[in-house]
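These notes are about the structure you will find just below.
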Amino acid sequence: MDRRKTLGALSPGSLNARASLAPGRYAKDGAKAAGWGGKVPLDKAMGRLSLAGPVQRRSSAYTTVKGSGLKSDPRPISDKQFQANCARTIITYLATHNYEYQINPKVLTSPTTKDFNNVMLFLLRQLDPTAAKGPVKMEEEVPALYKRLRYPFQISKSNLTAVGSPHTWPSILAALTWLVELLNYQEQADHAQHESSPESAAEADFFDYVATSYRHFMSGDDALCEEVDGTKAAEFEDRAAATRLDREKFGKLIASLESHRASLERKAAERRSDVAAQTAELSGVERECDQLRARLATQTVQPADAALADYHARGAALQLVPAAAKRGGGAAFEIALDRAAVLAATGHAAVPNPDWKGSLRPALCALRDRYAARARELAAERLALSERAEAAADAAAEREEEVATLRAEVAQLRGRHGAAVARSEEAAREAQARLEEATRAAEASNAGLHRDLAAALELVLHHKLRVQERLAWARTRAGKARDEVVALCAAH
């Protein structure tokens with residue numbers, strides 16, 4: 001397969017110029033998989049693979065020292081400027097991530113073992129927060145960490161026993177810088193993933209496909225590589241089919257919109273024609289109005305006179321004018337028109353403006369209230385009469401029903417007992433005659449009793465008057481006797 005190529009002479013800087021390309025960085029659906037940004041355990045963080053597969057299937061990007069098999073670092077790690085740049089990168093990262101210890105370029109020029117352990121533990125906590133919960137042997141954990149992170153150069157345990165020595169510190173400083181850059185790239189990738197647009201998400205998905213395919217390709221697993229290519233090709237086919245369907249839908253929509261636009265244009269043309277016709281008609285009406293105004297200007301009778309005459313005619317029809325009219329109520333609703341007097345007083349012959357608020361409006365309001373009250377009274381009377389009429393109608397209906405029932409009963413009785421009814425009627429007439437005779441006798445007796453009672457009352461009244469006279473005489477005699485007794489008592 002001639003398409004398989006090595007990385008050639010790419011430098012470590014160019015290899016690390018992108019965010020982490022490790023497989024599993026993002027799932028196919030765009031969801032974030034477990035990664036360094038998610039603070040996974042240290043063993044899983046160290047178990048991540050690089051973009052490439054096993055080292056033996058690809059060409060080395062670095063030179064190899066003959067005889068020892070170890071790769072030589074092409075970076076100028078002994079250069080003072082390079083070391084200063086590395087120290088600046090590490091200090092910036094520590095300062096922006098709340099490093100709890102004091103850090104400055106002097107510390108990173110010749111650090112102590114404690115300084116190195118503090119920095120290394122802090123970086124380990126960025127990968128795995130559980131790293132600092134127990135004792136960590138730097139001589140064992142650091143080389144294993146870098147090896148599992150695919151750091152391309154060897155870090156031996158002997159170098160970590162004297163980290164501040166001039167011959168070991170440059171390589172360790174470069175390794176620390178590499179780890180810091182790796183963490184920075186990871187943060188940038190997480191930030192870009194969280195704030196990515198649909199276009200950038202598609203790019204990330206395609207980039208993930210390229211990374212996965214390239215990893216299988218570099219590892220020599222052609223079957224998996226072909227499987228990934230086939231899956232991605234099927235996805236492209238599905239997207240292409242969906243795009244074709246969308247194009248068909250949009251084509252139909254555009255055709256529908258074009259038809260709708262043509263219909264709207266026809267309607268707009270019709271509306272413009274209608275507007276032109278109405279504008280012409282309006283122009284004719286305006287000309288006619290101008291002619292009428294000119295005719296009115298030449299007339300001796302002014303429009304105000306006609307309006308005033310119409311006002312008076314309506315007032316007379318409503319019996320509001322003159323003031324002595326039936327509904328005038330003594331209010332002066334008439335408007336007197338004396339153009340000569342108005343012209344002499346105001347300098348113009350306009351119709352005088354009556355006192356609407358002071359006189360006319362209150363009088364009209366009072367008239368309205370009076371008739372409204374009368375209308376309410378009539379409505380109440382009408383309602384009462386309606387209720388009485390309904391009650392009388394109900395009572396009449398009931399009486400008619402009773403009469404009809406009685407007539408039916410009488411007819412039945414007459415049919416059954418005709419002779420008895422005749423005798424009963426004769427007996428009733430005789431009884432009625434006797435009743436009338438007894439009534440006349442009783443009335444004559446009552447008249448005699450009334451006369452006797454009147455005579456007795458007259459006697460009683462005469463006796464009463466006689467008794468009252470005697471009582472008055474007795475009171476007079478008693479008073480005189482009392483006076484005599486008093487006088488006698490006073491004399492003795």
Side-chain angles (χ1 to χ4, degrees), residues 12-13 16 19-20 22 34-48 50 73 75-191:
N16 293 330
S20 175
W36 294 321
K39 302 300 182 183
V40 298
L42 183 60
D43 57 346
K44 293 185 179 179
M46 294 189 300
R48 289 184 173 274
S50 66
D73 196 336
R75 297 173 293 181
I77 59 177
S78 299
D79 183 67
K80 297 298 183 180
Q81 185 61 39
F82 178 79
Q83 295 178 4
N85 293 336
C86 292
R88 189 180 304 109
T89 301
I90 297 172
I91 291 173
T92 301
Y93 181 84
L94 297 177
T96 56
H97 289 75
N98 300 322
Y99 182 63
E100 62 267 29
Y101 300 102
Q102 183 179 3
I103 190 69
N104 52 54
K106 184 177 180 181
V107 173
L108 295 180
T109 302
S110 179
T112 62
T113 303
K114 182 179 179 181
D115 294 333
F116 171 75
N117 291 341
N118 291 336
V119 172
M120 196 66 205
L121 280 175
F122 182 81
L123 296 179
L124 287 177
R125 286 198 298 269
Q126 301 306 306
L127 292 174
D128 181 11
T130 62
K133 291 185 178 180
V136 178
K137 295 182 179 180
M138 291 298 174
E139 296 81 1
E140 298 179 359
E141 294 294 339
V142 171
L145 169 66
Y146 277 94
K147 184 176 181 180
R148 301 186 69 176
L149 290 177
R150 299 295 182 181
Y151 184 61
F153 311 108
Q154 183 181 7
I155 298 178
S156 63
K157 296 182 180 180
S158 59
N159 291 340
L160 297 176
T161 57
V163 293
S165 61
H167 67 281
T168 58
W169 175 241
S171 59
I172 297 177
L173 179 63
L176 288 175
T177 305
W178 182 85
L179 183 57
V180 168
E181 290 176 350
L182 193 65
L183 292 172
N184 282 329
Y185 298 156
Q186 182 65 37
E187 291 179 359
Q188 293 176 8
D190 291 341
H191 181 73

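Side-chain contact check for P143 versus N159: every heavy-atom pair is 4.5 Å or farther apart. Side chains of V119 and V107 form no contact here, defined as non-hydrogen atoms less than 4.5 Å apart. In this structure, the side chains of M138 and L121 come closer than 4.5 Å at one or more pairs of heavy atoms. Between Y101 and K114 the shortest side-chain heavy-atom distance does not fall below 4.5 Å.
A donor-acceptor contact shorter than 3.5 Å links the side chain of Q83 to the backbone of I77. Between the side chain of Y99 and the main chain of F122, no donor-acceptor pair closer than 3.5 Å is present. For the pair T168 (side chain) and A162 (backbone), a donor-acceptor distance under 3.5 Å is present.
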Run the side-chain contact (heavy atoms from CB on, under 4.5 Å) check on L183 and L127 step by step: do they pass? CA-CA 8 Å; L183 292 172; L127 292 174; 3.6 Å; yes
Evaluate the criterion side-chain contact (heavy atoms from CB on, under 4.5 Å) for residue pair K157 and T161; output intermediate values, then yes/no. CA-CA 7 Å; K157 296 182 180 180; T161 57; 5.7 Å; no
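Take F116 and apply the ring pair (Phe, Tyr, Trp, His ring centres under 6.0 Å) test, not counting sequence neighbours, and it matches no residue.
No donor-acceptor contact under 3.5 angstrom links the side chains of N184 and Q188, judged on distance only.
Surrounding CD of Q102 are at most 12 heavy atoms belonging to other residues, nucleotides or ligands under 6.0 Å away.
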